[in-house]
Amino acid sequence: EVQLVESGGGLVQAGGSLRLSCAASGFDFYDYAIGWFRQAPGKEREAVSAISTSDEAIYYADSVKGRATISRDNSKNTAYLDIYSLKPEDAAVYYCAAAFSMGNNWKNSFRYTYWGQGTQVTVSS
């Protein structure tokens, strides 16, 4: 069974940091690019970051550029998203997703074959 399971969400203070993890199973993790998306109530789904199969290409949305780091450990079938200097607008449900190929646009959610269930990030002021 293919699974992507996010963890690491929770309540954090504005200005703090957190690490989100995405544990994969049931498919060849190393053959898939990983993307992170988020969706807040009343907001469109936003592509946050993506990483290629072997760290050759990394992308960040302008909203998190400079205060986020995406990484992966293929030996552990796990990807990570670290966010620093958290802002209230970072509050959302965060999803990880896997794409065999990101094609021409890493933000294109249709390229992602597998999706996790999401983890809630809440930011207090």
Side-chain angles (χ1 to χ4, degrees):
E1 180 184 23
V2 170
Q3 284 192 306
L4 290 172
V5 181
E6 302 94 336
S7 61
L11 176 63
V12 295
Q13 283 189 324
S17 62
L18 57 74
R19 162 166 279 194
L20 303 180
S21 298
C22 174
S25 60
F27 68 102
D28 292 329
F29 178 77
Y30 52 84
D31 279 335
Y32 286 76
I34 298 297
W36 285 94
F37 297 78
R38 67 186 183 188
Q39 188 162 28
K43 298 288 187 179
E44 303 255 334
R45 182 175 56 196
E46 176 188 15
V48 179
S49 185
I51 186 168
S52 62
T53 56
S54 56
D55 302 2
E56 295 175 337
I58 292 175
Y59 307 94
Y60 297 102
D62 289 341
S63 58
V64 301
K65 192 171 296 181
R67 57 185 190 91
T69 301
I70 190 170
S71 60
R72 66 189 296 160
D73 186 343
N74 287 342
S75 71
K76 297 171 65 176
N77 289 345
T78 303
Y80 307 94
L81 180 68
D82 299 301
I83 309 178
Y84 319 97
S85 300
L86 280 155
K87 303 175 179 180
E89 51 262 46
D90 292 320
V93 177
Y94 284 72
Y95 302 89
C96 68
F100 188 76
S101 172
M102 286 188 288
N104 296 323
N105 185 1
W106 69 273
K107 296 182 177 181
N108 184 359
S109 63
F110 289 106
R111 299 298 301 174
Y112 293 84
T113 305
Y114 307 127
W115 291 79
Q117 84 290 346
T119 185
Q120 176 74 54
V121 173
T122 304
V123 182
S124 64
S125 59

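- One hydrophobic cluster holds both L81 and V121 under the rule that ILVMFWY side chains link at heavy-atom gaps under 4.5 Å.
- Taking the six-membered ring where the residue is Trp, F37 and Y112 present perpendicular rings, their angle passing 60° and hence far from 30°.
- Across all non-hydrogen atoms, the minimal contact from S21 to T78 is CB-CG2, 4.4 Å.
- Closest approach of A47 and A61 over heavy atoms only: O-CB, 3.3 Å.
- Put simply, the side chain of R38 reaches to within 4.5 Å of the side chain of S63, judged on heavy atoms.
- Residue S124 holds its OG atom at 4.5 Å from CG of L11, rounded to the nearest 0.5 Å.
- Of the inter-residue distances, the one linking I58 atom CD1 with Y60 atom OH reads 5.0 Å to the nearest 0.5 angstrom.
- Looking at Y59 and K107, their side chains never come closer than 4.5 Å, going by heavy atoms from C-beta outward.
- If you take CZ on F27 and OG1 on T113, they are separated by 9.0 Å, rounding to the nearest 0.5 Å.
- The main-chain N or O of A14 is never found under 3.5 Å from a side-chain atom of D90 such that the two would form a donor-acceptor pair.
- With hydrogens and angles ignored, the 3.5 Å screen pairs no side-chain donor or acceptor of Q39 with any backbone N or O of V93.
- The residues D62 and K65 are annotated as salt-bridged, a charged nitrogen and a carboxylate oxygen being separated by less than 4.0 angstrom.
- Note: S17 OG to I83 CD1 = 10.0 Å, rounded to the nearest 0.5 Å.
- Between A33 and R72 the shortest heavy-atom distance is CA-NH1, 3.9 Å.
- Atom OG in S49 sits 10.0 Å away from atom CG in D82 (nearest 0.5 Å).
- Side-chain atoms of D73 come within 3.5 Å of backbone N or O of S75 as a donor-acceptor pair.
- Taking the side chain as every heavy atom from C-beta outward, M102 and N108 never approach each other to under 4.5 Å.
- Nearest heavy atom pair, residue A79 against residue I34, reads CB-CG2, 3.8 Å.
- Interatomic distance, CZ of R111 versus CH2 of W106, reported as 15.5 Å (0.5 Å rounding).
- For the pair R45 and Y95, the cation-pi test (distance below 6.0 Å, angle within 45°) is failed.
- Scanning all heavy atoms of the two residues, the minimum distance from A98 to L4 falls at N-CD1, 3.7 Å.
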Next item on the list: Go through T119 and Y94 one step at a time and tell me if the side-chain contact (heavy atoms from CB on, under 4.5 Å) criterion holds.
Entry: CA-CA 5 Å; T119 185; Y94 284 72; 4.3 Å; yes
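- The hydrophobic cluster containing V48 also contains L86, counting ILVMFWY residues as joined when their side-chain heavy atoms lie under 4.5 angstrom apart, directly or transitively.
- No side-chain donor-acceptor contact under 3.5 Å links Y84 and R67.
- The two atoms that bring S71 and I51 nearest to each other are CA-CD1, 3.8 Å, heavy atoms only.
- With a 6.0 Å radius and a threshold of 12 heavy atoms from other residues, nucleotides or ligands, F100 has its CZ atom at or below the threshold.
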